[in-house]
Amino acid sequence: MIDPRLLRDDPDRVRASLAKRGAPTDLVDAALAADAARREAIVAFEALRAEQKQQGRLIAQARGEEKQQLLARTKELSAGVKEAEAAQGAAEQAWQDAVRALPNLVHPDTPEGGEDDSVVLETVGTPRDFAAEGFEPRDHVELGRILGAIDLERGAKVSGSRFYFLTGVGAQLELALVNLAMEQAREAGFTQVIAPSLVKPAAMEGTGFLGQAADDVYRIEGEDLYLVGTSEVAMAAYHSEEILDAETLPRRYAAFSPCFRKEAGSHGKDTRGIIRVHWFDKVEMFVYTTLEEAEAEHARLLAWERAFLDKLELAYQVVDIAAGDLGLSAQRKFDCEAWIPTQGKYRELTSTSNCTDFQSRRLDIRTRGESGTTPVATLNGTLTAITRAIVAVLETHQQVDGSVRVPQALQKWMGCEVLRPVVPVAPAAATEGGAGD
RNA sequence: GGAGGCGUCGCCUAGUCCGGUCUAUGGCGCCCGCCUGCUAAGCGGGUUUGGGGCUACAACCCCAUCGAGGGUUCAAAUCCCUCCGCCUCCGCCA
């Protein structure tokens, strides 16, 4: 939630931010009206309540006749207090709803507009040129099959579409990626965490995932629990309702957890393979820091994401996500998109968001500064989302005979330099006009 | 799953039976000041959090806050109900 004081003092700034996202600005007027109504209700209730308390003090001291008279009078007051209290509660709730509906203010440098307006900041490495090498790359589904790494048929049989089993070197790859990510995080000073993937509504709500993203969230039937789509949810709620000592900031966590997404509204998109699935595992960086440090920390998170992609020896680009595509919580978001050879394009592998004080206000996470307690900033960034990392690694480092070269950094965790087919494979098809062999 | 115990403003703690200067006690820690060669001790003061009024976003005043939410009552830390969490024992399980 945004700073209510800012809303009151400078509503035009909030309007401008909404406009940049392409969202309706009348939300601001609704929130302002709710704020005025709320304060009015508070004043009314508190006046009555103060009077009631004062009377109560007199009654405690009074005796006999005098006491009876006072009692008669305060009985009437009591009803008024109850009424005013209920009115205040309702006004408070209406105000909460109105303010919480407002998305975070966007960063001044965030590109205006929707999905198509995101800006590529940098391109790193060069996509591998299979044509020059003279063979047609296999996609990760095919590679997964011949390496015995990914079993999609049985995933569908057991759990349905968009599910998979990682087997053999596939399972090894997941563990290797997790280990590599956790090792990097540990060396950078992160605390490693294994986080729960079932959370209470407050955690989901507080991180902003029950807003427009609610359709994508699994809820457990008959229980007041949700399956998280990212461990950001659990890690943001981790310090909820706490005041963190300033000396302990920044607090950096690298959390492993499974992630679950309904992928509602993406029917027909990425139906093949494990690019878009209902469940995957992920190592997520999550940071609590001061508002002053947030932007610099965001740059650091991006650098750590890039360092990891470099270790996987991938070609990728860094994208500054446009305002309309930020989601409720983020002030700014950078995606790292890796080149997927058989798709001929860059696809999101990791993403880092600066949520400033938006989540911490909702979850009540503060720090004690010179000017009293203030909300902290929260930031998150993917170190590795397993399935997409596997797709990029398999497709990028494949060889003509169906084997896959293991990036150097992963070799220590894989215990080998090359993944070899477990079934007989013909050499990949030659590209037309390619060098051949 | 069953039985019992507990939850008070950083930590510990008084208060809860029997509702009313509880406007929450005391200690520890911490902060400020005094004293003092220095330190310690001693002495004095301060020290939950959120919100509102008024404003210089100060000072001051007010309201809420005793795990959470309801209820009873003129009045609730205190009585009643529901929920949550922790501890002990039993059962079960990985």
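Below, chain A is the first sequence line, B the second, and so on; all start at residue 1. Source: prediction; values computed, not measured.
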Open item on the list: For a quick test of reading the model: is some side-chain N or O of A:Arg49 closer than 4.0 Å to OP1 or OP2 of B:rG51?
Closed with: no
Open item on the list: For the P atoms, the ones on B:rG26 and on B:rG85, what distance do you get once it is rounded to whole angstrom?
Closed with: 35 Å
- [ ] Please evaluate the base of B:rG51 for a donor-acceptor partner in the side chain of A:Glu46 within a cut-off of under 3.5 Å?
- [x] yes
Task: Mate of B:rC54 where both pairing distances stay under 3.5 Å, Watson-Crick or G-U - done: none
Task: Partner set under side chain to side chain contact (heavy atoms under 4.5 Å, CB included) for A:Arg272, not counting sequence neighbours - done: A:Asp139, A:Val141
Task: Closest to the A:Ala50 side chain, choosing from B:rA75, B:rG51, B:rC62 - done: B:rC62
- [ ] In whole angstrom, give me the gap between the P atoms of B:rC11 and B:rC30.
- [x] 16 Å
Pairs under 3.5 Å (N/O, protein and nucleotides 55-57 of chain B):
{"from": "B:rC57", "atom 1": "O2", "to": "A:Arg5", "atom 2": "NH1", "distance (Å)": "3.4"}

Task: Spacing of the P atoms in B:rG4 and B:rU82 (rounded, Å) - done: 13 Å
Open item on the list: So if I take every side-chain heavy atom of A:Thr373 and compare against B:rG50, B:rG52, B:rC74, which nucleotide ends up nearest?
Closed with: B:rG50
Open item on the list: Between A:Arg39 and B:rG53, is there a contact of a side-chain N or O with OP1 or OP2 at under 4.0 Å?
Closed with: yes
- [ ] Using both distances under 3.5 Å as the test, list the Watson-Crick or G-U wobble partner of B:rC34, or none.
- [x] B:rG42
Task: Separation between the P atoms of B:rG5 and B:rG10, rounded to whole Å - done: 27 Å
Open item on the list: Starting the side chain at C-beta, find the nucleotide from B:rU23, B:rU72, B:rU49 nearest to A:Arg57.
Closed with: B:rU23
Open item on the list: Could you work out, with side chain to side chain contact (heavy atoms under 4.5 Å, CB included) as the rule, every residue matching A:Pro407, not counting sequence neighbours?
Closed with: A:Glu313, A:Val393, A:His397, A:Leu410
TODO: Could you please name the partner base of B:rA24, counting Watson-Crick and G-U wobble pairs only when both distances are under 3.5 Å?
DONE: none
Task: Phosphate contact (B:rA75 OP1 or OP2) by A:Gln55 side-chain N/O below 4.0 Å - done: no
Open item on the list: Test side chain to side chain donor-acceptor pair (under 3.5 Å) on A:Lys282 and A:Ser257; report intermediate values, then the result.
Closed with: CA-CA 6 Å; A:Lys282 183 156 68 83; A:Ser257 86; over 6 Å; no
TODO: Between A:Asp35 and A:Lys53, name the one whose nearest nucleotide on RNA chain B is closer to the 5' end.
DONE: A:Asp35
Open item on the list: Of the listed nucleotides (B:rU73, B:rG50, B:rG52), which one gets closest to any side-chain atom of A:Arg38?
Closed with: B:rG52
- [ ] Would you tell me if any nitrogen or oxygen in the side chain of A:Ser78 comes within less than 4.0 Å of OP1 or OP2 on B:rU73?
- [x] no
Open item on the list: Is there a side-chain contact between A:Arg368 and the phosphate of B:rU49, meaning an N or O under 4.0 Å from OP1 or OP2?
Closed with: yes
